[in-house]
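Along the sequence shown, the residues carry numbers beginning at 1. The model shown is predicted, which means the values in this text are computed figures rather than measured ones.
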Amino acid sequence: MEAVSSKGMRKKKTDFIFAGIFILFFGILFLTGAPIYVGDTFQHENQMIMREPGYALLIQGLRFLAPQMHYWILIALQNLLAIVGNTIIIIFMRKRFSLGILESLLFTAILLIPHLLIPFFSSTHLVLTNALMTEGILFSLYPLAFISLLDMIWSKKPIGRESFRTIGLFFLLSLIRGQMMVLFIVWFFVVYIQSVKNAVWETNRAGKKRDTFALAENIARQGLIAAVAILIIAFSARSVLIRGYNFLEQGLFVDTVSGKAMSFANVLYVADREDGEAITDDALRALFYKIYDSADADRMNYKYAPSGLINRAAHHEQCHDELNFTYFAEPTKQFLQQTQGLSVERYQELMAAVDQVAEKLSAALMSQVIFRYLRTYISVITLGFVRTVSYEYPLLIWYAAFIYFVAIVLTAKLFKSDTKSQAAPFMAVVLLTIVGNVCATALMIQCTSRYMIYNLPLFYMAGFLELRELVGIRRK
């Protein structure tokens, strides 16, 4: 007993090593850097309806406390959160998986990869914790929320303290960035699997293995109905909160807008001019022709993309923002000023109306462009999967495909050979989250690195743990 206690004390003392590494790393970033004002910052700072309220409220609160220094305080908080969050993750992993010093140092390096990858390899070259954007805090909050999900899985309770805490954290993340709503679905999927697994065990124990009604009753009793209710409440509460926030700030009871405009850029990219015949409204059809002709003249269309999955995705990425903000948004604003009298002075209403036009055009055109849309979508998600675990150099693309294959094989093997495996469910839920994040993001916008690599550290930590478990099984 004393030996175990002594070992635990030594591990707690060595935890300070990793905290020290994070303090040094993020301390240097803060002391040698400065607040990085980006395009997103203006929208958050002015509480625009195109953005979720979480980050905007943080800026608003700090500006109230220190009007001249709020940017510096914000990046100080972001770097402090990175130190605390990453230290908590390392301590959690060390305790849960009994990691040694070298393994813990490896995990420390893995956690720092996103903070090195974006400045050196991304086109934006941003220091994330110094940037005045949602990623400045989400790259620290996301893994914290994820280890809560892991704790929920290992508790084996579909509905309990761990699951409520996890959905609460996911809810908070979704109020900072809409992309995080995919975690609601991941949470529900995990609850569903646990409910079914526990229900099968209960049914078999009661000697009703072939009784379908008994199984269904046990699944419901395990919490599946409660999970459905919680999921509906989470989505509804998020919508009500955002609408209430936008009403208080801008006088408009609307959800976050701009998503439909971003999605329409994907439709516009794959459209042909003759597809406009499907638009029944004469004014909207004329608007589409104006937008299309301007974009096509500048080769902002799928027809001008080079061959190959990754090349097509790269061309789409080069076109997407311009199609959205320049070729679509500007003519549409003029159209709305002429037809509805919405001036720039009523900017928030104007942007909400732009989103409505995008929705109408997308609905009219989608049936015409669906096959081209799917072809481009596959290209975009392919690049998204690559960027989640690697970089889009030709050799590294093949590496990404290989590493995913290895992860899937290892996960299946561990589930089959070791029913008590902790690494296999870890990797399984990471892979599920990667699929959700990539596929959901590609529906609206391009899969750039800063949207994709939330799951990169988790993927490699789970992969290392799977390899370690497999080696342990073979030794036995």
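Within 6.0 Å of OH in Tyr304 there are more than 12 heavy atoms belonging to other residues, nucleotides or ligands. In this structure, Tyr393 places its OH atom where only 12 or fewer heavy-atom neighbours from other residues, nucleotides or ligands lie under 6.0 Å away. Heavy-atom contacts from other residues, nucleotides or ligands closer than 6.0 Å to CZ of Phe42 number 12 or fewer. Under a cut-off of 6.0 angstrom, the local environment of CD in Glu274 is crowded, with over 12 non-hydrogen atoms contributed by other residues, nucleotides or ligands. Counting heavy atoms of neighbouring residues, nucleotides and ligands inside a 6.0 Å radius, atom CH2 of Trp398 does not exceed 12 of them. Within 6.0 Å of CZ on Arg273 lie more than 12 heavy atoms contributed by other residues, nucleotides or ligands. Taking a 6.0 Å sphere around CZ of Phe189, one finds it holds 12 or fewer heavy atoms contributed by other residues, nucleotides or ligands.
Taking the side chain as every heavy atom from C-beta outward, Leu395 and Tyr399 never approach each other to under 4.5 Å. Looking at heavy atoms from C-beta onward, Phe139 lies out of side-chain contact with Gln78 at the 4.5 angstrom threshold. Looking at Gln356 and Val257, their side chains never come closer than 4.5 Å, going by heavy atoms from C-beta outward. By the 4.5 Å heavy-atom criterion applied to side chains, Asn266 and Tyr377 are not counted as neighbours. When side chains are defined from C-beta on, His115 does not count as touching Val127, because their heavy atoms never get closer than 4.5 Å. The side-chain heavy atoms of Val429 and Val186, taken from C-beta on, include a pair separated by under 4.5 Å. Ile90 places none of its side-chain heavy atoms less than 4.5 Å from the side chain of Asn86. Contact check for Asn301 versus Tyr292: side-chain heavy atoms found under the 4.5 Å cut-off.
For the ring pair (Phe, Tyr, Trp, His ring centres under 6.0 Å) condition, the pairs that include at least one residue of residues 236-282, sequence neighbours left out, are Phe264-Phe328, Tyr269-His315, Tyr269-His316.
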query: Can you check salt bridge (Lys or Arg N to Asp or Glu O under 4.0 Å) on Glu162 and Arg165, steps first, answer last?
result: CA-CA 5 Å; Glu162 295 84 1; Arg165 181 188 63 212; 5.8 Å; no
message: Tyr347 vs Met48, test: side chain to side chain contact (heavy atoms under 4.5 Å, CB included). Steps then yes/no.
response: CA-CA 9 Å; Tyr347 187 76; Met48 290 191 173; 4.1 Å; yes
field: Derivation of the side-chain hydrogen bond (donor to acceptor under 3.5 Å, both in side chains) call for Glu249 and Gln348
entry: CA-CA 11 Å; Glu249 292 285 0; Gln348 307 290 353; over 6 Å; no
- request: List the steps, then state whether side chain to side chain contact (heavy atoms under 4.5 Å, CB included) holds for Phe335 with Gln340.
  value: CA-CA 8 Å; Phe335 169 79; Gln340 298 183 25; 5.7 Å; no
task: Walk me through it: do Met181 and Phe235 pass the test side chain to side chain contact (heavy atoms under 4.5 Å, CB included)?
output: CA-CA 8 Å; Met181 281 195 292; Phe235 275 111; 4.0 Å; yes
His70/Leu65 under side chain to side chain contact (heavy atoms under 4.5 Å, CB included): CA gap, chis, key distance, verdict: CA-CA 8 Å; His70 67 289; Leu65 294 173; over 6 Å; no
task: Verify salt bridge (Lys or Arg N to Asp or Glu O under 4.0 Å) between Glu52 and Arg177, making sure each step is shown before the conclusion.
output: CA-CA 6 Å; Glu52 285 75 22; Arg177 189 174 185 86; over 6 Å; no
task: Would you check, one step at a time, whether the test salt bridge (Lys or Arg N to Asp or Glu O under 4.0 Å) holds for Asp151 with Lys157?
output: CA-CA 10 Å; Asp151 202 30; Lys157 293 183 288 186; over 6 Å; no
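Checked by atom type and distance alone, the side chain of Ser294 never pairs as donor or acceptor with a backbone atom of Lys290 at under 3.5 Å. Put simply, the side chain of Asp298 never gets that close to the backbone of Met300: no donor and acceptor are under 3.5 Å apart. The closest donor-acceptor contact from the side chain of Ser163 to the backbone of Gly160 lies under 3.5 Å. Remark: the backbone N or O of His320 is not paired with any side-chain donor or acceptor of Asn324 at under 3.5 angstrom. The main-chain N or O of Glu45 is found under 3.5 Å from a side-chain atom of Arg63 such that the two form a donor-acceptor pair. Remark: the backbone N or O of Met133 is paired with a side-chain donor or acceptor of Tyr55 at under 3.5 angstrom. A donor-acceptor distance shorter than 3.5 angstrom exists from the side chain of Asn79 to the backbone of Ile75, with no hydrogens or angles considered. No donor-acceptor pair closer than 3.5 Å links the side chain of His44 to the backbone N or O of Thr41. Checked by atom type and distance alone, the side chain of Ser148 never pairs as donor or acceptor with a backbone atom of Leu144 at under 3.5 Å. In this structure, Gln194 contributes its side chain and Met152 its backbone to a donor-acceptor pair below 3.5 Å.
For Phe459 and Tyr404, the ring centers are positioned less than 6.0 Å apart. Centroid-to-centroid, the aromatic rings of Phe170 and Phe184 stay 6.0 Å apart or farther.
The minimum heavy-atom distance between Leu175 and Arg238, with the atom names listed, is CD2-CG, 3.9 Å. Here the closest non-hydrogen pair linking Gln368 and Ala278 is CG-CB, 3.6 Å. Taking every heavy atom of both residues into account, Thr166 and Ala145 meet most closely at CG2-O, 4.4 Å. When every heavy atom of Ile153 is checked against every heavy atom of Pro425, the shortest pair comes out as CG2-CB, 4.1 Å. Among all heavy-atom pairs drawn from Asp275 and Asp272, the shortest one is OD2-N, 2.7 Å. Scanning both residues, Arg312 and Pro306, for their nearest heavy atoms gives CG-O, 3.3 Å.
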Side-chain donor/acceptor pairs under 3.5 Å, residues 22-30, sequence neighbours excluded:
none

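Salt bridge Glu322/Arg299: absent, no basic N to carboxylate O contact under 4.0 Å. The pair Arg51-Asp40 meets the salt-bridge criterion, since a charged nitrogen lies less than 4.0 angstrom from a carboxylate oxygen.
In this model, no donor atom of one side chain and acceptor atom of the other lie less than 3.5 Å apart for Thr388 and Asn455. For the residue pair Ser239 and Arg243, a side-chain donor N or O sits within less than 3.5 Å of a side-chain acceptor on the partner.
Aromatic ring orientation, Phe426 versus Trp154: perpendicular (interplanar angle above 60°, classes split at 30° and 60°).
The line from CD1 of Ile434 to CD1 of Ile453 is 12.0 Å long, rounded to the nearest 0.5 Å.
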